[in-house]
Amino acid sequence: MSKLIYILNGPNLNLLGQRQPEIYGYDTLADVERNCAAVAAEKGFEVKLFQSNHEGVVIDTIHEARQTACGIVINPGAFTHTSVAILDALNAFEGPVIECHISNVHKREAFRHHSYISLRADGVMAGFGVEGYELAVRRICSIVSAKK
Ligand code: CA2
């Protein structure tokens with residue numbers, strides 16, 4: 001059984017730590033990957049972080065995860081609110097999926113209140129800043145470890 005957790009990030013999240021710190025904070029995706037790797041290592045897991053601005057690439061990475069990953073943490077960015085295709089891809093993945101939003105989407109514009117991804121997610125983080133990724137990784141470790 002794989003001990004690799006994918007951390008998938010959608011459009012514009014490559015700008016994390018560079019713009020809009022009042023909403024998304026100062027940490028970069030490299031910081032997120034390092035912090036999540038430390039949490040995962042404590043539990044005997046590894047992480048691999050991806051980011052793409054392209055819906056098809058996010059979908060291809062979810063397909064790849066079917067063969068290589070035991071769980072997925074996904075921040076689909078704005079695709080959260082639009083993408084049935086990413087939902088369909090996640091429905092073809094067998095392991096745990098945690099949806100993670102840096103901001104509290106429910107405190108923001110109404111169009112951010114609906115998520116297609118939540119129809120598949122085993123858990124949802126919103127408004128915990130980038131710490132949400134670490135909590136999501138911790139949760140996936142617990143779910144996967146409990147299954148053995
Ligand atoms: O709160 C989140 O994590 C979001 O998934 C972020 C998305 C937004 O569309 C969702 O509604 C909520 C936007 C990601 C944009 O990321 C940036 C990061 C830094 C600077 C600019 C954009």
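Every number for a ligand or one of its atoms is a count from 1 in the order of the listing.
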In ligand 1, the atoms that come under 4.0 Å of a heavy atom of Gln20 are 21 (C), 22 (C)
If you scan protein heavy atoms around atom 18 (C) of ligand 1, the nearest is Tyr24 CD1, 3.6 Å
Of all heavy-atom pairs linking Thr61 and Tyr6, the shortest is O-CE2, 3.8 Å
Nitrogen or oxygen atoms of Ile102 and ligand 1 under 3.5 Å apart:
yes
message = Quick check: do Tyr24 and Arg19 have side-chain heavy atoms less than 4.5 Å from each other?
response = no
Residue, atom and distance of the protein heavy atom nearest atom 16 (O) of ligand 1 read Asn12 O, 3.5 Å
Discussion item. Between Asn53 and Gln51, do the side chains contain a donor N or O and an acceptor N or O under 3.5 Å apart?
Written reply: yes
re atom 20 (C) of ligand 1, the protein heavy-atom contact at minimum distance is Arg19 O, 3.2 Å
Is Ser115 close to Val124 at the side-chain level, that is, under 4.5 Å between some pair of heavy atoms? no
Would you indicate whether the side-chain heavy atoms of Ile74 and Cys100 approach each other to under 4.5 Å?
no
Exam field: side chain Ser118 to backbone His114, donor-acceptor pair closer than 3.5 Å: no
Heavy-atom closest pair (Lys107 atom, His113 atom, distance to 0.1 Å) is N-NE2, 4.5 Å
| query | Got Ser145 and Lys43 here, is their nearest side-chain heavy-atom distance under 4.5 Å? | reply | no
Ligand 1 atoms nearer than 4.0 angstrom to some heavy atom of Gly77 are 5 (O), 7 (C), 9 (O)
Counting from 1 in the order shown, the ligand 1 atoms closer than 4.0 Å to a non-hydrogen atom of His81 are 10 (C), 11 (O)
Look only at interatomic distance and state if Arg108 has a nitrogen or oxygen under 3.5 Å from any nitrogen or oxygen of ligand 1. no
Output for pair (Cys70 SG, Phe93 CZ), nearest 0.5 Å, gives 7.0 Å
Per-atom filter on ligand 1: closer than 4.0 angstrom to a heavy atom of Ala78 are 9 (O)
Looking at ligand 1, would Gln18 count as a contact under a 4.0 Å heavy-atom criterion?
no
Going by the 4.0 angstrom heavy-atom rule, the piece of Arg112 near ligand 1 is side chain
Note: Ile23, heavy atoms under 4.0 Å from ligand 1, region reported as neither
Problem - ligand 1 N/O within reach of His101 N/O, cut-off under 3.5 Å - result: yes
Atom 12 (C) of ligand 1 sits nearest the protein heavy atom Val105 CG1, 3.6 Å
Ranked by distance from atom 1 (O) of ligand 1, the top protein heavy atom is Ser103 OG, 2.6 Å
Between Gly44 and Lys3, the two heavy atoms sitting closest are O-CD, 3.5 Å
**OP:** May I ask you to check if ligand 1 and Asn75 share an N or O to N or O distance below 3.5 Å?
**Re:** yes
